[in-house]
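Just so it is clear, the values below take in all heavy atoms, side chains as well, and ignore hydrogens, waters and symmetry mates.
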Amino acid sequence: MKVLIVGGVAGGASAAARLRRMDENAEIIMFERGPYVSFANCGLPYHIGGSIPERAQLLVASPTSLRRTLNIDSRTFSEVTAINPELKTITVHNLKRDETYTENYDKLVLATGASPIVPPLPGLDSPGVFVLHNIPEMDAIIEWIRIKNPRRAVVVGGGFIGLEVAENLVEKGMQVAVVEMLPQVMAPFDFEMAQIIHQHLVNHRVQLLLGDGLKGVNSSADGLEVNLTSGASLPADLVILSIGVRPENALAKTAGLELGPKGHIVTNLQMQTSDPNIYAVGDAAQVLNFQTNQPTSLALAGPASRQARVAADHIAGKKTEFRGVIGTSVVKIFDLTAASTGMNSKQLEVAQLPFSSVTVHTSNHVGYYPGSTTVSLKLIYGPEGQIYGAQAIGTSGVDKRIDVLATAIRGHLTVYDLEELELAYAPAYGAPRDPVNNAGYAAANQLRGEMPVKQWNEVKDLDLKEWFLLDVRDPEELSLGWIPGAVNIPLHELREHLDEIPRDKKVLINCQTGQRSYFATRILKQHGIDAYNLTGGYKTYASATENF
């Protein structure tokens, strides 16, 4: 059997390696139009910043190593320009020799990936304007920094790559501005969680321009001028475009393969395209959302590698399925770790799925052990307790909690199961009640009616003729700020002042993080008062309502 693979990196290289492990006799040829058949593209920003000091560390495998260890024929500088599904051949252009030839196949795997979006705006071809998607682009940025010694950088796009690039340019000593068309960075996060990231970026002297778009770039003797749709302009010596990616689908399109509404190659559970002899994996492939069973796409290395494994196994004759993506991701932003899994509130609203959420701010490990820090964790769930998604931000222990919740989603666990999870505990690593447990308790309490909740964005619409706002923090904590109209009665004095709580109104209670207000909610409800807890407390409310 002869298998051709178009593209390397996570999808193509993983497919080739897995297929060799399953079939020692298959003829496997991999084509890559660039100079590197397998490299760590997730590490590119960190080599620019110097955290990964050696460029060679980014090179995962070479044609020589693939030949020696796996007997795979990998051809760099080889651009596949056409597919003929009827003849089962591809056309290949050798870019070094400027020669064209054809290669036949029994099975074909498309791992063509995605390319950076560069909108048709003036000046984006100016010297000093770059995208970052592969090693040659990284090399060009590093060379520009070496020669020009830029002091001012503008990053267009506030997603994963944009923020990683921004951080690493700050580490290089530059003044950095991030321009994002949405009102927040990191689209997978709900707004109030993204606000924590906004504050952290500002604290690290990153200028944020949210809700603003790129209009064009002017070049002059003094450098670059980045013009925005708002009319503002930013001086720059370096511009990095990180607007997003689009699937590389030209081969699939001209071959007549079925494409999805956003141009991704439609696949089935075995990663076969509309032509059963052609498979597609990675950023170019359309797959299913594990939770909704609806078509989606996900440009992440982990899912690409698993899709490649499924495709290779199916080619080798194994019964296998790729059962969809959840969308679990993590990013380092200076001292913060931000991670998410599953669906966020915006996605659930679009899907018209009813949901609730709770936010807890708890320590990554017990407070009496040195180094305890806060993990802010938002858990999103359905009316039957099904877990839809979670987002967490903190300086330590964040990835651990999101990985647990990603596993819970995959295993169809509920918030009631989170209450019972037995998770590793020692003072240096956790607490007898882990943040995941605490989120489960809060969600289950809400569903059982023991702790009705309100969200930060509901506060502004409350009619004070119908609602009484109660702040149960200690008086000295009010120096941090307070919700307008709230009456302060510290929790430890609440039982002595029950007669001051109106019984003809609903009561919204807040403390700093939501824990003491939960205690207060239970007290008032057992005295016949219609009480609600402000989930996430004043900490979430204050962060979410801050302007950047």
Side-chain angles (χ1 to χ4, degrees), residues 158 163 178 180-212 230 333 336 338 340 344-346 348-349 355-362 374-380 390-394 439 442 446 452-489 506-518 520-521 531-548:
L163 295 190
V178 172
E180 171 54 55
M181 186 178 295
L182 297 175
Q184 66 173 79
V185 301
M186 297 300 295
F189 288 78
D190 287 331
F191 178 78
E192 73 274 19
M193 298 298 286
Q195 284 279 82
I196 302 173
I197 301 173
H198 297 160
Q199 181 65 68
H200 195 68
L201 288 167
V202 170
N203 289 346
H204 282 80
R205 301 182 302 281
V206 174
Q207 182 183 2
L208 282 180
L209 295 101
L210 303 174
D212 209 347
S230 65
I333 308 169
L336 276 187
S340 67
N344 60 28
S345 297
K346 296 182 289 290
L348 289 164
E349 288 167 359
F355 67 94
S356 299
S357 68
V358 291
T359 302
V360 297
H361 304 282
T362 54
T374 298
V375 173
S376 297
L377 173 59
K378 180 175 184 178
L379 179 65
I380 308 173
Q391 301 152 35
I393 300 176
Q446 187 269 328
V453 300
K454 287 290 182 182
Q455 305 292 329
W456 69 271
N457 57 345
E458 295 180 287
V459 174
K460 66 181 185 303
D461 296 324
L462 297 181
D463 184 350
L464 296 186
K465 294 179 181 179
E466 301 176 4
W467 286 85
F468 180 78
L469 307 184
L470 175 62
D471 188 325
V472 295
R473 294 177 295 170
D474 292 336
E476 55 268 24
E477 293 179 83
L478 299 184
S479 62
L480 300 171
W482 63 90
I483 296 173
V487 174
N488 177 229
I489 303 176
K506 298 177 181 179
V507 179
L508 178 63
I509 311 171
N510 80 272
C511 65
Q512 187 62 21
T513 65
Q515 183 180 45
R516 284 172 291 172
S517 51
Y518 162 58
T521 300
Y532 297 73
N533 187 13
L534 179 63
T535 187
Y538 184 75
K539 183 180 180 72
T540 292
Y541 174 86
S543 175
T545 54
E546 189 169 357
N547 292 320
F548 292 100

Peer 1: Dump the intermediate steps for side chain to side chain contact (heavy atoms under 4.5 Å, CB included) on H198 and L210, then the final yes or no.
Peer 2: CA-CA 10 Å; H198 297 160; L210 303 174; 3.6 Å; yes
Peer 1: Out of curiosity, Y541 OH to I483 CD1, how far, rounded to the nearest 0.5 Å?
Peer 2: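 Going from the OH atom of Y541 to the CD1 atom of I483 covers 5.5 Å.
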Peer 1: On a heavy-atom basis, which atom in T521 and which in A531 lie closest, and how many Å separate them?
Peer 2: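 It is CG2-O, 3.8 Å.
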Peer 1: In Å, rounded to the nearest 0.5 Å, how long is the span from CG of L377 to NE2 of H361?
Peer 2: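 Output value for this atom pair is 9.5 Å.
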Peer 1: Q184 and F191: which non-hydrogen atoms are nearest, and at how many Å?
Peer 2: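 Of all heavy-atom pairs spanning Q184 and F191, the closest is OE1-CA, 3.4 Å.
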Peer 1: When you measure from the side chain of H200 to the backbone of I196, do you find a donor-acceptor pair of N or O atoms at a distance under 3.5 Å?
Peer 2: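 Judged by distance alone, no pair lies under 3.5 Å.
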Peer 1: If you measure from CG on L348 to CD1 on I380, what distance do you get to the nearest 0.5 Å?
Peer 2: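 Atom-to-atom, L348:CG and I380:CD1 are 6.0 Å apart.
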Peer 1: If you measure from CG on L478 to CD on Q512, what distance do you get to the nearest 0.5 Å?
Peer 2: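 CD of Q512 is found 9.5 Å from CG of L478.
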Peer 1: Go through it in stages, so that I can follow the logic: the residues are S340 and M186, the test is side chain to side chain contact (heavy atoms under 4.5 Å, CB included), and I'd like the CA-CA distance, side-chain angles, deciding distance and then a yes or no.
Peer 2: CA-CA 10 Å; S340 67; M186 297 300 295; over 6 Å; no
Peer 1: If you compare all heavy atoms of W482 against all heavy atoms of Y538, which two are closest, and at what distance to 0.1 Å?
Peer 2: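 Distance-wise, the nearest heavy atoms are N-OH, 3.2 Å.
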Peer 1: Let me see the working for S517 and N510 under side chain to side chain donor-acceptor pair (under 3.5 Å), right down to the final yes or no.
Peer 2: CA-CA 5 Å; S517 51; N510 80 272; over 6 Å; no
Peer 1: Can a donor-acceptor pair be found, under 3.5 Å and without considering hydrogens, that links the side chain of K460 to the backbone of N457?
Peer 2: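 Pair found, side chain donor or acceptor close to backbone of N457.
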Peer 1: Go through the steps for K346 and D190 under the test side chain to side chain contact (heavy atoms under 4.5 Å, CB included), then give the verdict.
Peer 2: CA-CA 7 Å; K346 296 182 289 290; D190 287 331; 4.0 Å; yes
Peer 1: Under the 3.5 angstrom rule, does the side chain of Q455 hit a backbone N or O of S357 as a donor-acceptor pair?
Peer 2: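 Confirmed, Q455 side chain pairs with S357 backbone.
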Peer 1: Please evaluate residues V358 and N533 with respect to the criterion side chain to side chain contact (heavy atoms under 4.5 Å, CB included), reporting the C-alpha separation (whole Å), side-chain torsions for both, the decisive distance (0.1 Å), and the verdict.
Peer 2: CA-CA 10 Å; V358 291; N533 187 13; over 6 Å; no
Peer 1: Could you tell me whether the side chains of Q199 and S543 share a donor-acceptor contact shorter than 3.5 Å?
Peer 2: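 Judged by distance alone, the side chains do not pair up.
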Peer 1: Where the side chain of T535 meets the backbone of T359, is there a donor-acceptor pair that is under 3.5 Å apart?
Peer 2: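 Yes, the answer is positive, given that a donor and an acceptor are paired below the 3.5 Å cut-off.
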Peer 1: Nearest 0.5 angstrom please: I509 CD1 to I489 CD1, how far?
Peer 2: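 It comes to 10.0 Å.
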Peer 1: What closest approach, in Å, do I393 and M193 show between heavy atoms, and which atom pair accounts for it?
Peer 2: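 That would be CD1-O, 3.1 Å.
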Peer 1: Using side-chain contact (heavy atoms from CB on, under 4.5 Å) as the criterion, point out the one residue from Q446, K454, E458 that pairs with Y532.
Peer 2: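 Only one option passes, and that is K454.
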Peer 1: Rounded to the nearest 0.5 Å, how far apart are CG of D474 and OG of S479?
Peer 2: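 It is 11.0 Å, given to the nearest 0.5 Å.
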Peer 1: Where is the tightest heavy-atom contact between V185 and A194, given as atom of each residue plus distance?
Peer 2: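 Of all heavy-atom pairs spanning V185 and A194, the closest is O-CB, 3.7 Å.
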Peer 1: Taking R473 first and then D471, would you say they form a salt bridge - that is, a charged N and a carboxylate O separated by under 4.0 Å?
Peer 2: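 Yes, R473 and D471 are salt-bridged.
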Peer 1: Can you name the closest pair of heavy atoms from A187 and N344 and give their distance?
Peer 2: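 The answer is O-ND2, 3.2 Å.
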